[in-house]
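Down below is the structure, laid out as structure tokens.
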Amino acid sequence: MADEVRSPRVLDVLAAEEPWEVPGAWLARIRAQLKAWADDPEALRPLRPEAFPDFVKGTPAAVWYTHQVAPLLTGWIPVLHGEYADLSTELTHEFYRPSSRLGGSGHVIYAAQTDWHLQAIAGARGFRENGRRHALQLSRNVVAMFVDAPPMAARATALTAAFDRVLADRELTELHVAGEYDDIAKYWRTEALKDSERAVLPELAGPTAALRYSLNSVRDTHARMLMLSPDEYAGDFAQVLAELILATGLRGIPKSVAGVLGNSAVDVHKALQEIDPTFSLQTWHGHVNQWMSRAIRNGQAPLARSWGAAAARVGVHLAGVLNRAPWPEPEVPDLTTLFRMLDRERWSALENQAAANQEASLSAAWKDVKKDEQNRAGDGGTLDDPLPKPVDYSDNPLAELDSLIGLESVKDAVRKMVAEVKTNLRRAELGLPSHERARHMVFVGKPGTAKTTIARLLSRIYHQLGVLEKGHVVEVDRSDLVGAGVGSTAPMTAAKFREALGGVLFIDEAYSLTPENTPGDYGLEAVATILKLMEDHRNDCIVIVAGYHREMQRFMESNTGLQSRFPKLLSFSEYDTDQLVAIFELQARQKGMIYGEEVLDKVRAVIPPAPRGHSFGNGRFIRNVLEEAVSNQATRLSASDPDKLTERDLRELIPSDVRPPTSMRAEDYLLQKPGT
């Protein structure tokens with residue numbers, strides 16, 4: 001049933017009350033209109049290929065403008081999730097051919113200048129009056145295509161009405177076809193919109209108005225959240241803004257923000273002084289995620305959505321995205337976890353509705369169904385409660401990559417590497433020079449953050465692409481490479497390297513090969529041997545060295561040849577509590593186990609609170625929790641008659657099965673000093 005009820009393809013705009021199941025007919029209509037413009041000889045001149053290399057030759061400006069504005073019609077700095085998160089590419093896929101595309105179950109954040117709606121008009125500044133008039137008309141026509149799409153309807157309707165007033169007024173039309181662009185932009189900032197239209201298009205009034213709108217959104221949604229879902233850690237507006245500032249990586253209030261806040265800036269400054277000395281991004285994420293989770297489970301999902309969208313919008317302003325400054329890492333707030341909680345709630349509702357519908361349709365015939373037929377239909381269960389199938393990604397490593405919890409920056413890096421390989425393979429087919437880079441990598445992160453898992457997936461992916469002959473992984477540490485006496489290290493290291501040819505050599509805790517203050521250690525010989533073999537077998541093996549952040553930095557500085565041969569570094573973040581619970585769910589499904597919300601609550605209870613110890617096992621800890629639960633289930637079932645055990649009995653976990661793993665007790669970590 002899970003596969004059936006999760007099949008609808010949706011566009012999930014975080015600021016909206018619920019996801020939109022995109023009708024196939026609507027999508028077909030938009031694509032048909034774009035094709036009609038492409039076939040229209042009267043359409044505005046095509047894009048210049050050298051200026052827009054990702055668009056196919058002959059693409060009309062109307063298609064490009066659609067690609068630019070469609071996501072922004074869902075909101076100012078919108079956050080999109082779901083199968084149609086990459087909305088622009090979905091609509092213009094016949095014309096837009098980038099070298100790599102977004103994928104997986106993540107989300108996309110869109111930001112643009114506040115005059116985004118004038119892009120076609122701005123691009124036609126060098127045209128004659130007829131061309132500029134055409135740019136004005138196509139701007140209106142493109143926006144009008146979206147007036148019947150729920151996530152875009154309000155903004156598209158307001159903007160279409162404003163364009164219609166310009167086209168109906170001779171002087172305003174003349175301004176747009178003959179006037180200076182600065183005068184056109186000023187008109188839109190000050191006069192173009194009615195009050196009701198400005199309420200849904202606030203950013204069109206300019207950057208200061210956009211920032212004021214974003215700050216007010218946080219103020220309003222935060223107040224409503226506190227009223228309907230009280231939380232002991234969530235303070236007032238001044239505190240939450242101070243937390244957003246610190247989470248973004250800043251230590252003070254930006255001037256632009258202070259100017260909008262006015263007298264309220266004093267309260268925010270005071271909150272910053274109080275919070276800064278003890279602020280922990282991981283702890284803050286954990287508190288916010290718990291608050292959002294509780295609100296969603298208590299029926300306040302639309303409000304949680306609004307809070308997340310408003311906080312993300314302010315995060316973008318603070319990060320300076322509008323001024324082309326870098327986006328903060330990690331994201332502020334934790335949108336990946338928020339969407340996962342919302343997805344879980346949505347899927348649960350769909351499953352409940354499907355079960356109710358099925359029960360209603362079968363109720364009349366249920367009395368006539370024989371017991372043996374019932375057993376065959378439900379495999380020992382009931383017709384309206386079939387068991388989900390175990391998850392199997394053995395033939396699809398990219399799908400398995402997408403299924404992993406968290407690791408968004410790592411997943412993105414892997415997708416880019418795959419795109420590079422595919423592009424270079426195509427270059428080779430056409431006889432063009434390749435732009436190959438060394439594929440050796442450095443993985444940094446604490447234990448249990450999926451470093452080994454990603455290495456195994458990379459090896460399988462590269463094998464499928466034809467880059468690696470075997471696609472296996474040879475995992476080693478110091479004891480596998482370094483001998484006890486003179487002359488034994490180089491042969492041991494070479495043997496392991498030869499074993500890894502055609503696949504990946506994964507060296508865990510690689511920094512142990514170069515211990516501090518130990519001149520002449522045999523590990524240095526292992527490093528030198530590996531470097532020579534990497535050069536001799538440049539395309540036959542990928543070497544991945546892994547370990548803690550600080551120690552790996554020292555390792556990379558220990559030999560001048562290391563940095564040049566390992567051009568790519570992937571950083572693996574620790575998991576927060578919600579992510580650890582989601583990992584439990586994923587691993588349980590992969591084992592074919594089923595569970596209820598009470599089991600997940602019990603899992604959450606055995607996870608030690610943040611900050612956790614330096615050696616906390618992260619995903620490894622959760623794996624032990626699951627294995628312990630399966631073992632406890634077996635002990636519980638052993639008291640029953642084995643001939644009477646059903647498939648559900650054998651696959652279902654109950655809360656009493658979940659306990660801290662005896663081999664890695666949660667309380668052991670509470671006494672450890674937090675790591676860095």
Can you label the angle between the His222 ring and the Trp291 ring as parallel, tilted or perpendicular, going by 30° and 60°?
perpendicular

When rounded to the nearest 0.5 Å, the distance separating NE2 of His285 from CG of Leu338 is 11.5 Å

Under a 3.5 Å distance rule, please check whether Asn298 uses its side chain to pair with a backbone N or O of Gln300 as donor and acceptor.
no

Side-chain contact test, heavy atoms from C-beta onward, threshold under 4.5 Å: evaluate it for Ile583 versus Gln587 and give yes or no.
yes

Between Glu475 and Arg456 (salt bridge meaning N to carboxylate O under 4.0 Å), is one present in this structure?
yes

Whether the side chain of His81 engages the backbone of Val108 through a donor-acceptor N/O pair (distance < 3.5 Å, no angle test) should be reported.
no

Exam field: side chain Thr74 to backbone Pro151, donor-acceptor pair closer than 3.5 Å:
no

Is a salt bridge present between Arg340 and Asp578, judged by a nitrogen-to-oxygen distance below 4.0 Å?
no

Could you grab the distance from atom NE2 of His463 to atom CD1 of Ile461, nearest 0.5 Å is fine?
12.5 Å

Do Glu598 and Lys602 sit within salt-bridge range, that is, some charged N less than 4.0 Å from a carboxylate O?
no

salt_bridge(Lys451, Asp508) N-O dist < 4.0 Å
no

Could you walk me through whether Leu505 and Val476 pass the side-chain contact (heavy atoms from CB on, under 4.5 Å) check?
CA-CA 8 Å; Leu505 178 65; Val476 299; 3.9 Å; yes

Please report the C-alpha distance between His287 and Asp231 in whole Å, then the side-chain angles of each, then the deciding distance to 0.1 Å, and finally whether the side-chain hydrogen bond (donor to acceptor under 3.5 Å, both in side chains) criterion is met.
CA-CA 9 Å; His287 290 160; Asp231 183 81; over 6 Å; no

Can you say whether the rings of Phe584 and Tyr595 are parallel (under 30°), tilted (30 to 60°) or perpendicular (over 60°)?
perpendicular

Do Arg478 and Asp480 have side chains that approach each other closer than 4.5 Å (heavy atoms only, starting at C-beta)?
no

Going by atom types alone, do Ser571 and His549 pair a side-chain donor with an acceptor below 3.5 Å?
yes

Between the side chain of His440 and the main-chain N/O of Val543, is any donor-acceptor distance below 3.5 Å?
yes

Would you call Val625 and Leu580 a side-chain contact if the rule is heavy atoms closer than 4.5 Å?
no

Would you compute the distance between atom CD of Glu18 and atom CG of Leu342 and round it to the nearest 0.5 angstrom?
12.0 Å

Would you compute the distance between atom OH of Tyr84 and atom CG of Leu27 and round it to the nearest 0.5 angstrom?
5.0 Å

Are the side chain of Ser638 and the backbone N or O of Thr635 linked by a donor-acceptor pair below 3.5 Å?
yes

Where is the tightest heavy-atom contact between Met492 and Val482, given as atom of each residue plus distance?
CE-O, 3.8 Å

Within the side chain of Thr283, is there an N or O that forms a donor-acceptor pair under 3.5 Å with the backbone of Phe279?
no

Between Arg305 and Asp12, does the salt bridge (charged side-chain N to carboxylate O under 4.0 Å, His left out) criterion hold? Intermediate values first, please.
CA-CA 10 Å; Arg305 286 172 166 277; Asp12 192 355; 2.7 Å; yes

Looking at Glu627, I'd like to know if its CD atom is crowded, meaning that more than 12 non-hydrogen atoms belonging to other residues, nucleotides or ligands lie closer than 6.0 Å.
yes

Should Met417 and Arg439 count as side-chain neighbours, where that means a heavy-atom distance under 4.5 Å?
no

A side-chain contact here means heavy atoms from C-beta on lying under 4.5 Å apart; do Asn289 and Gln579 qualify?
no

Taking all atoms of both residues into account, what is the closest heavy-atom pair of Ser306 and Thr221, and its distance?
CB-CG2, 3.8 Å

Evaluate the side-chain contact (heavy atoms from CB on, under 4.5 Å) criterion for residues Val288 and Trp307: first the C-alpha distance (whole Å), next the side-chain angles of each, then the deciding distance (0.1 Å), finally the verdict.
CA-CA 10 Å; Val288 171; Trp307 191 96; 3.8 Å; yes

Side-chain contact, heavy-atom cut-off 4.5 Å: Leu468 with Ser459?
yes

Residues forming a salt bridge (charged side-chain N to carboxylate O under 4.0 Å, His left out) with Glu509, sequence neighbours excluded
none

Going by heavy atoms in the side chains, are Arg224 and Leu303 under 4.5 Å from each other?
yes

Describe, in one word, how the ring planes of Trp20 and Trp26 are oriented to each other, choosing from parallel (under 30°), tilted (30 to 60°) and perpendicular (over 60°).
perpendicular

Pair Glu420, Arg415 - check salt bridge (charged side-chain N to carboxylate O under 4.0 Å, His left out), show working.
CA-CA 9 Å; Glu420 278 185 29; Arg415 294 186 193 107; over 6 Å; no

Looking only at heavy atoms, what is the nearest atom pair of Ala546 and Phe506, with distance?
CB-CZ, 3.6 Å

Distance from Asp540 atom CG to Arg498 atom CZ, nearest 0.5 Å?
13.5 Å

With a 4.5 Å limit on heavy-atom distance, are the side chains of Val504 and Val474 in contact?
no

Rounded to the nearest 0.5 Å, what's the gap from NZ on Lys411 to OG1 on Thr336? Could you check?
8.0 Å

Would Leu569 and Phe443 count as a side-chain contact (heavy atoms from CB on, under 4.5 Å) if you check the C-alpha gap in whole Å, the side-chain angles of each, and the deciding distance to 0.1 Å?
CA-CA 6 Å; Leu569 183 146; Phe443 286 4; over 6 Å; no

Looking only at side chains, do Asp412 and Ser409 share a donor and an acceptor under 3.5 Å apart?
no

Closest non-hydrogen atom pair, Glu90 against Arg9
OE2-NH2, 4.2 Å

Answer yes when Arg297 and Asp601 have at least one side-chain N-carboxylate O distance shorter than 4.0 Å, and no when they do not.
yes

So, Gln633 side chain and Asp649 main chain: donor-acceptor pair closer than 3.5 Å or not?
yes

Does the side-chain contact (heavy atoms from CB on, under 4.5 Å) test come out yes or no for Leu626 and Asn624, once each step is laid out?
CA-CA 5 Å; Leu626 176 59; Asn624 285 347; over 6 Å; no

Flag if over 12 foreign heavy atoms under 6.0 Å of CD, Glu597
yes

